[in-house]
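What you see is a predicted model, and the numbers here were worked out from it, not measured in a lab. Here is how names work: the chains are called A, B, and so on, in the same order as the sequence lines, proteins then strands, and each is numbered from 1.
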Protein chains: 2
Amino acid sequence: MGRREQNKIDTRRAIADAAFDLARSVGPGAFTADQIAERAGVSRRTFFNYFHSAEDALTVRMDGFLELALGVFGSMPAGEPLFESIIRAFSETTRMEGLSQHGELFRMADTNPELLRAQLHSWERAEVLIAEALRRRLGSVTGDLYLTALVGSVLSCTKAAMRDWAATTAEDAEDSGEQLEARILAALTMLRDGFSEPVASGAPSTARATHASPGQSV
Amino acid sequence: MGRREQNKIDTRRAIADAAFDLARSVGPGAFTADQIAERAGVSRRTFFNYFHSAEDALTVRMDGFLELALGVFGSMPAGEPLFESIIRAFSETTRMEGLSQHGELFRMADTNPELLRAQLHSWERAEVLIAEALRRRLGSVTGDLYLTALVGSVLSCTKAAMRDWAATTAEDAEDSGEQLEARILAALTMLRDGFSEPVASGAPSTARATHASPGQSV
DNA sequence: GCGAATATTTGCACACCGTGCAAACACAGC
DNA sequence: GCTGTGTTTGCACGGTGTGCAAATATTCGC
């Protein structure tokens with residue numbers, strides 16, 4: 001990798017880290033682009049070369065999660081039932097590092113509309129990318145509506161799982177990753193089963209529905 | 001209704017209309033808050049009393065659609081199968097007036113990130129409201145994750161339907177409303193059936209799956 | 001290594017944004 | 001009318017986001 005590429009990656013990371021540190025210490029929305037730039041050791045102008053706004057610098061991690069999921073999905077065997085691949089792609093992605101930061105960022109969005117919007121945009125971008133990947137996999141037999149509705153629903157369920165996880169799981173829990181994985185699995189299973197019956201709430205992770213239902217041989 | 005209330009409603013509408021007119025004539029993102037205010041006959045400061053940004057003034061119609069859907073849903077018989085109510089609530093809402101503007105706004109979002117974010121935020125707000133309504137209806141037997149995943153998926157499907165509709169349907173088509181209704185019905189039916197088999201694409205609206213499947217007696 | 005070509009960073013300028021504040025104004029109720 | 005309350009307005013101010021050109025860093029051919 002050339003010097004140029006590496007420098008850009010480093011700079012981007014430095015800015016994102018500075019933004020996250022600031023958000024953590026003074027709260028989201030309570031700091032300026034200048035402060036981020038200063039802490040990252042770049043000029044204000046350079047900050048805006050990398051991100052459109054302070055909040056955008058906080059979606060790098062979320063983007064990373066979704067890109068990783070997309071990558072994992074791409075490496076699934078093509079013959080595997082569709083929902084199998086989807087579920088495994090997202091639940092395996094929970095084994096990535098730095099997951100607790102995601103929870104923190106999710107919670108921050110509750111008190112900061114701009115950050116929420118930036119995160120929603122991040123999901124939206126992922127939706128487009130995943131829809132494209134899925135189209136390549138399924139070919140042109142499927143309708144656009146089917147494809148986009150499916151991808152949107154999958155991401156909505158994943159989002160709901162992460163929200164629930166962020167809201168209920170202690171930040172430094174030992175089994176944080178497993179907690180998230182269980183919720184993603186649960187939500188996507190509900191989706192595959194058409195939300196047919198309401199699922200009792202309360203303590204999650206017990207009696208997870210893992211029974212691989214028949215059919216689903218897309 | 002008192003003078004005060006009526007004035008606020010009028011002002012809000014005047015601003016929203018001014019914003020929409022401007023977006024239509026010069027394009028989204030190509031006008032300032034000052035211009036909206038001037039056209040609406042209020043001061044710049046007053047504009048910001050009503051909306052946080054120029055783009056926010058363009059989500060009033062979308063908010064209206066979603067609030068209307070929520071209202072329709074609330075008036076459904078409580079004993080009706082859940083998906084019946086949901087599908088009817090959204091598809092009946094397509095009979096509202098001014099639907100073509102929604103299509104226009106959807107398309108505008110393709111070229112304007114800020115508008116897209118504002119619209120995503122609008123859907124997000126609706127998601128929260130609908131989840132609350134659903135919780136009141138279903139009681140506390142359902143888990144939070146089930147509820148939020150369901151609502152998110154339903155709205156994702158509706159969103160996908162509107163996107164497809166906005167992209168493929170002529171703005172001034174006579175049967176524009178029916179076109180949208182058919183797509184919403186199709187997408188929500190896919191969801192209810194767990195996206196079990198890929199649906200062939202191409203010309204929509206023929207052979208719509210209307211068969212009321214058994215079960216679903218939530 | 002050296003210099004030309006190319007990419008990135010930086011400072012500057014500028015229009016615009018979003019909000020606190022207090023005065024002016026409009027409406028409601030008595 | 002007169003008073004209390006809610007709304008609009010102008011003003012000021014710090015912050016945002018971007019075009020531009022000069023300065024700086026990296027790459028590549030030689």
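The nearest whole Å value for the distance from the CG atom in B:Asn49 to the C1' atom in C:dC17 is 14 Å. Between the CZ atom of A:Arg44 and the P atom of D:dC20 there is a distance of 17 Å, given to the nearest Å. The CZ atom of B:Phe48 sits 14 Å away from the C1' atom of D:dG10 (whole-angstrom rounding).
Qualifying ring pair (Phe, Tyr, Trp, His ring centres under 6.0 Å) partners for B:Phe31, counting only residues two or more places apart in sequence or in other chains: none.
Using a 30° and 60° split on the angle between ring planes, B:Phe195 and A:Tyr146 fall in the perpendicular class, above 60°.
Put simply, B:Tyr50 has no side-chain N or O that comes within less than 4.0 Å of OP1 or OP2 on D:dT7. For A:Thr46, no side-chain nitrogen or oxygen approaches OP1 or OP2 of C:dT9 to under 4.0 Å.
A heavy-atom distance below 4.5 Å is found between the side chains of A:Val60 and A:Phe51.
When every heavy atom of A:Ala187 is checked against every heavy atom of A:Cys157, the shortest pair comes out as CB-O, 3.6 Å. B:Leu116 approaches A:Glu124 most closely through the heavy-atom pair CD2-CG, 4.0 Å. For A:Ala126 against A:Leu66, the heavy-atom pair with the smallest separation is CB-CD1, 3.5 Å. When all heavy atoms of A:Gln35 and A:Ala30 are compared, the closest pair comes out as OE1-O, 4.4 Å. Of all heavy-atom pairs between A:Arg137 and A:Ala78, the closest is NH2-O, 3.5 Å. For the pair B:Ser100 and B:Glu171, the tightest heavy-atom approach, listed with the atom from each and the gap, is CB-O, 3.6 Å.
The terminal axes of the helix from C:dG1-D:dC30 to C:dC30-D:dG1, fitted over 5 pairs per end, subtend an angle of 30° to the nearest 10°.
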Exercise. Might you work through the side chain to side chain contact (heavy atoms under 4.5 Å, CB included) test for B:Thr32 and B:Glu38, ending with a clear yes or no?
Key: CA-CA 10 Å; B:Thr32 70; B:Glu38 189 185 9; over 6 Å; no
Exercise. Show your reasoning for whether side chain to side chain contact (heavy atoms under 4.5 Å, CB included) applies to B:Thr169 and B:Leu180.
Key: CA-CA 9 Å; B:Thr169 304; B:Leu180 176 56; over 6 Å; no
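A:Arg163 forms no cation-pi arrangement with A:Phe106, by the criterion of a distance under 6.0 Å to the ring centre and an angle within 45° of the ring axis. The cationic atom of A:Arg61 (NZ for Lys, CZ for Arg) lies less than 6.0 Å from the six-membered ring centre of A:Phe20 and within 45° of the ring axis.
Less than 4.0 Å separates DNA chain C from at least one heavy atom of each of the following residues of residues 51-60 of chain B: B:His52, B:Ser53. Taken residue by residue, residues 31-38 of chain A places no heavy atom nearer than 4.0 Å to DNA chain C. Of the residues in residues 5-26 of chain A, those placing a heavy atom less than 4.0 Å from an atom of DNA chain C are A:Lys8, A:Thr11, in numerical order.
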Enumerate all atom pairs, one protein N or O and one N or O from nucleotides 3-6 of chain C, separated by less than 3.5 Å.
unit_1, atom_1, unit_2, atom_2, d
C:dT6, O2, A:Arg4, NH2, 2.9

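Applying the 3.5 Å distance criterion, the base of D:dG17 shares no donor-acceptor pair with the side chain of A:Arg45.
The pair A:Asp144-A:Arg135 meets the salt-bridge criterion, with a side-chain N (NZ, NE, NH1 or NH2) lying under 4.0 Å from an Asp/Glu carboxylate O. Between A:Glu55 and A:Arg117, none of the side-chain N atoms (NZ, or NE/NH1/NH2) sits under 4.0 Å from a carboxylate O, so this pair counts as no salt bridge. The existence of a salt bridge linking B:Glu80 and B:Arg88 is confirmed by a sub-4.0 Å separation between a basic side-chain nitrogen and an acidic carboxylate oxygen.
Side-chain atoms of B:Arg3 lie closest to C:dC27 of the nucleotides D:dT9, C:dC27, D:dA12.
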